[in-house]
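To start, the structure under review is shown below, and the notes come after it.
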Amino acid sequence: MQKAHLIPACLAACLTLTVSLGSTSLLAQEAGVIGEDRTETTGPTGMPGTSGQGGSADPTGEDLNPSHVTGIPAERFVNEATAKSHALIEMSQAALEQGSSDVQQFARRVIDEQREMIQQLRTLAEADDLQVSDDANLVDQGRTLVMQLRNGESFDQAYANNAASIARELVDMFESAAASDLGVLSEYAERTLPQVQTQRDSVAQMANAADD
């Protein structure tokens with residue numbers, strides 16, 4: 001009865017060699033992954049850093065690797081990006097009345113940039129015969145995103161933190177559109193993306209300063 005369970009010596013040796021080689025290969029693969037260069041670097045002051053894998057980080061150290069997906073519909077891009085631009089304009093107009101002098105200066109620049117962006121998106125949408133919401137509806141959508149002051153928070157803090165959140169969402173929209181097949185809209189998104197990213201980074205720095 002015991003002989004039925006015995007493995008011939010040569011077969012046992014082969015199995016032992018196979019397991020040993022397999023373990024060696026696995027360890028080599030793991031060593032290769034561990035040894036891969038993933039060193040993160042920090043950009044110069046005021047500039048986003050890089051992750052070593054083609055991603056980026058904002059001045060706060062937050063990971064800003066694109067989280068978007070391709071295939072965003074053209075109408076959705078135009079409508080949502082425009083609504084977020086309106087939200088930034090609404091916030092910035094309030095900042096002109098209630099913010100500090102530095103915040104007011106920043107808010108004026110945001111208003112000018114977002115108004116220009118809205119006009120360009122509207123022009124491209126009309127040229128493509130896209131069915132997009134009218135301006136009044138998009139303004140209303142933007143107002144639903146306008147900030148509310150939290151307990152113990154100054155106006156400057158509220159403006160910076162809420163604007164930073166919307167600016168990140170706007171970057172995601174432009175990254176998605178740039179990576180999609182939307183013709184001239186994708187070209188516009190790719191061309192404008194650096195400007196939108198710069199605004200995101202600037203408002204993130206302002207949010208950090210306001211929270212200090």
Side-chain angles (χ1 to χ4, degrees), residues 43 45-48 56-60 62 64 66 68 72 74 76-128 130 132-147 155-180 182 184-210:
T45 302
M47 297 295 290
S56 62
D58 74 358
T60 68
E62 178 181 354
L64 295 176
H68 61 270
I72 183 174
R76 179 186 168 194
F77 166 61
V78 173
N79 284 330
E80 293 191 14
T82 301
K84 293 182 190 304
S85 290
H86 278 302
L88 286 172
I89 290 173
E90 291 283 329
M91 290 181 186
S92 298
Q93 287 175 334
L96 293 180
E97 300 177 0
Q98 304 179 51
S100 65
S101 58
D102 288 341
V103 166
Q104 289 178 10
Q105 183 178 359
F106 180 82
R108 289 189 187 94
R109 187 167 72 249
V110 170
I111 291 172
D112 291 341
E113 291 177 353
Q114 296 305 316
R115 281 177 174 168
E116 180 181 359
M117 187 179 300
I118 289 172
Q119 182 58 50
Q120 291 172 337
L121 285 170
R122 175 65 63 182
T123 299
L124 291 173
E126 291 175 353
D128 254 2
L130 298 179
V132 296
S133 301
D134 57 41
D135 284 334
N137 185 33
L138 291 172
V139 170
D140 288 339
Q141 290 182 39
R143 283 173 178 162
T144 65
L145 302 174
V146 172
M147 64 188 181
F155 180 88
D156 284 4
Q157 288 174 318
Y159 173 74
N161 290 329
N162 285 270
S165 177
I166 294 180
R168 286 193 295 268
E169 294 172 0
L170 195 58
V171 168
D172 286 342
M173 295 296 301
F174 271 77
E175 286 176 339
S176 295
S180 300
L182 306 180
V184 292
L185 276 174
S186 289
E187 294 174 2
Y188 168 74
E190 184 176 5
R191 186 171 63 251
T192 311
L193 182 57
Q195 173 189 332
V196 181
Q197 290 172 325
T198 297
Q199 189 176 86
R200 174 203 61 194
D201 295 341
S202 297
V203 75
Q205 289 179 332
M206 185 173 64
N208 282 344

Side chain of S186, backbone of S180: donor and acceptor closer than 3.5 Å? yes
Kindly give the heavy-atom pair with the smallest separation between [X] and [Y], and that separation in Å.
X: L182; Y: A74; answer: CD2-N, 3.9 Å
X: V203; Y: A160; answer: CG2-O, 3.8 Å
X: S92; Y: Y159; answer: OG-OH, 2.8 Å
X: Q104; Y: G99; answer: NE2-O, 2.9 Å

For [X], check side-chain contact (heavy atoms from CB on, under 4.5 Å) against everything at least two apart and list the hits.
X: A81; result: F77, L121, L170, F174
X: E126; result: R122
X: L124; result: V184, L185, Y188

Residues that [X] engages under side chain to side chain donor-acceptor pair (under 3.5 Å), provided they are two or more places apart:
X: R109; result: none
X: E190; result: none
X: T123; result: Q119
X: T198; result: none

Could you go through I166 and M91, starting from their C-alpha distance and side-chain angles, then the distance that decides it, and tell me whether this counts as side chain to side chain contact (heavy atoms under 4.5 Å, CB included)? CA-CA 11 Å; I166 294 180; M91 290 181 186; 3.2 Å; yes
Could you give the distance from [atom1] ([X]) to [atom2] ([Y]), rounded to the nearest 0.5 Å?
X: E187; Y: T192; atom1: CD; atom2: OG1; result: 11.0 Å
X: T82; Y: M173; atom1: OG1; atom2: CE; result: 9.0 Å
X: Q93; Y: I111; atom1: CD; atom2: CD1; result: 5.0 Å
X: L88; Y: E113; atom1: CG; atom2: CD; result: 10.0 Å
X: M117; Y: D112; atom1: CE; atom2: CG; result: 12.0 Å
X: R168; Y: Q199; atom1: CZ; atom2: CD; result: 13.0 Å

Applying side chain to side chain contact (heavy atoms under 4.5 Å, CB included), run through E116 and Q120 and close with a yes or a no. CA-CA 6 Å; E116 180 181 359; Q120 291 172 337; 3.5 Å; yes
A side-chain contact here means heavy atoms from C-beta on lying under 4.5 Å apart; do S202 and M206 qualify? no
Set of salt bridge (charged side-chain N to carboxylate O under 4.0 Å, His left out) partners for R76, sequence neighbours left out: E80
